[in-house]
Amino acid sequence: MRVATWNVNSLRVRLPQVLEWLTLASPDVLGLQETKLTDGEFPIEALAAAGYQAVFAGQKTYNGVALLARELPEDPVTELVGFEDPQRRVMAGTVGGVRIWNLYVPNGQSVDSDKYTYKLGWLAALRETLAAELEKHERVIVMGDFNIAPDDRDVHDPAAWAGKVLCSEPERSALTSLLDLGLEDLFRRFDQAEDTFSWWDYRAGGFRRNHGLRIDLILGTAAMADTCTTCVVDRAPRAWERPSDHAPVMAEFEGGA
DNA sequence: ATGGTGGTCCAACCA
C-alpha cells in the first residue's frame, strides 16, 4: 500500500497537477490539505474518473482537507476530541484496515500571535484524540502538513529559523509528545539526502535555492513502521507549472493493497 | 533589501 500527503494550496487551481501526480505515483491513499473548496465544489467526478473515491471536509477560502483512496474511506471523522472548531483541518478514515488521520495543522503565523496559541491548543487536542485512537487501533497513520520542522536537519538555515514559528521549542515538544504516544516519523527510518525539504516559500526563489523546510510528515505506529519499505519526498511537482508551495510525501508498506 | 509570491477574491488576509 502506498500512502501519500500533499498540501495543494487550492484544489481548484491544482486539480490538473493532482490528477497528473495520481497517474505518475499511483498512491493507494492520498491526503490533501488546503483544498480551499466548499464541499459542494469538491471535484468528485474528476477524481472518480481517475479511480479515486474521497471523503472531504471543506470550507470557503481557507483550510479544507480530503482523503482519497481507491475505495471510499470508512468511519470518517472530521473533528478533534473536545475541540470545537469551524476550521476544517481534520479528515480521518479507514482504508484497507489502516486507520488514517490526514491533518492540516495550524500554521501559527508567529510565536507572539493568537494563531500560535490556537496552534498549541489544537496540538494538545490532537494528542488527546490520537491517544484514544491508538488504544483502539494497531495500524494507524497520522500524516499531513504539520507546520512543524521536527529538528534542525529539516531546516535549510537553522540559525535563521531558531525559535521562529514552525521551529520553536513548544511546537517541537508538541510533536515529540505525539511521537511519544507510539508514532514514528517514517521519513527518518531511511537514509535520506541532506537538505531534503517538503515546502519552499514562493518568495525569494525559495525552491530554486532549496531554501525549504520539511514540515509534511507521515507518522506511523510500530505495526506500520515494521512494514514500511520507503518514505520519500517527491520534489518533481514543485518544479511544474503553477505549483503548490509543498511537494507530496509518500510512504510504501508491504502487504495489503 | 525586514522585501519578495501566490490563493482567495477585489481589500485584506493567510501562508
Side-chain angles (χ1 to χ4, degrees), chain A residues 5-21 30-43 46-47 56-66 83 85-91 102-123 126 143-150 154-168 170-172 174-175 197-217 233 235-249:
Chain A
T5 175
W6 195 4
N7 180 324
V8 292
N9 185 21
S10 171
L11 184 55
R12 183 181 288 105
V13 170
R14 231 66 68 190
L15 182 60
Q17 288 92 328
V18 170
L19 294 172
E20 175 70 8
W21 193 74
L30 175 60
L32 299 176
Q33 305 90 36
E34 285 203 271
T35 57
K36 299 186 176 180
L37 295 169
T38 60
D39 290 347
E41 299 170 313
F42 195 84
L47 292 168
F56 42 85
Q59 66 182 89
K60 191 174 163 59
T61 309
Y62 300 119
N63 309 311
V65 282
F83 195 86
D85 191 358
Q87 300 189 25
R88 303 291 77 197
R89 297 179 175 280
V90 175
M91 188 67 255
N102 174 47
L103 307 174
Y104 177 43
V105 176
N107 173 282
Q109 193 165 67
S110 64
V111 295
D112 57 2
S113 163
D114 289 345
K115 295 189 182 70
Y116 183 79
T117 308
Y118 163 73
K119 180 180 195 172
L120 295 180
W122 194 96
L123 288 164
L126 175 62
M143 66 181 181
D145 177 358
F146 279 73
N147 271 315
I148 302 171
D154 305 309
V155 182
H156 72 91
D157 185 346
W161 281 86
K164 297 236 165 69
V165 74
L166 313 188
C167 298
S168 73
E171 292 166 86
R172 285 177 168 173
L175 177 60
F197 307 122
S198 67
W199 168 84
W200 302 261
D201 201 307
Y202 284 123
R203 294 167 288 188
F207 182 65
R208 178 176 52 78
R209 301 195 287 171
N210 197 31
H211 286 185
L213 303 176
R214 189 177 68 92
I215 55 178
D216 300 273
L217 312 178
V233 177
R235 289 170 51 95
R238 185 62 177 79
W240 293 350
E241 291 269 326
R242 212 173 178 195
S244 168
D245 46 352
H246 295 251
V249 181

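Just so it is clear, the model here is predicted, and its values are computed rather than measured. Reminder, nothing fancy here: chain letters follow the sequence lines and each chain counts from 1.
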### Summary
Here the distance between atom P of B:dC14 and atom CG of A:Asn63, to the nearest Å, is 11 Å
### Message
How long is the straight-line distance from CZ of A:Arg172 back to CG of A:Leu166, given to the nearest 0.5 Å?
### Response
9.5 Å
### Message
When the C1' atoms of B:dA11 and B:dA1 are compared, how many Å lie between them, rounded to an integer?
### Response
26 Å
### Query
Between B:dC9 and B:dG3, how far is it from one P atom to the other, in whole Å?
27 Å
### Message
Does any part of the side chain of A:Arg89, heavy atoms only, come nearer than 4.5 Å to the side chain of A:Phe83, both counted from C-beta?
### Response
no
### Query
Could you state the CG-P distance from A:Asn107 to B:dC13, rounded to the nearest angstrom?
16 Å
### Task
Can you tell me the distance, in whole Å, between the CZ atom of A:Arg89 and the P atom of B:dC14?
11 Å
### Spacing of CG belonging to A:Asn210 relative to CZ belonging to A:Arg235, to within rounding of 0.5 Å
5.0 Å
### Message
Would you compute the distance between atom CG of A:Leu126 and atom CG of A:Leu120 and round it to the nearest 0.5 angstrom?
### Response
12.0 Å
### Query
When all nucleic acid strands are considered with a 4.0 Å heavy-atom cut-off, which category describes A:Phe207: base, sugar-phosphate, or nothing?
nothing
### Query
Once you round to the nearest 0.5 Å, how far does CG of A:Asp154 lie from CG of A:Leu217?
7.5 Å
### Task
Could you please name the partner base of B:dT5, counting Watson-Crick and G-U wobble pairs only when both distances are under 3.5 Å?
B:dA15
### Task
Summarise protein proximity over nucleotides 2-12 of chain B in one line of letters, 5' to 3': B for base, S for sugar-phosphate only, - for none, counting protein heavy atoms closer than 4.0 Å.
--BBSSSS---
### Message
Output the rounded distance in Å from NZ (A:Lys119) to C1' (B:dA15).
### Response
11 Å
### Query
Taking the six-membered ring for Trp, are A:His156 and A:Trp161 parallel (under 30°), tilted (30 to 60°) or perpendicular (over 60°)?
perpendicular
### Query
Nearest-Å distance, CG (A:Asn7) to P (B:dA15)?
11 Å
### Message
Say we look at B:dA12 and B:dT2: how far apart would their P atoms be, to the nearest angstrom?
### Response
23 Å
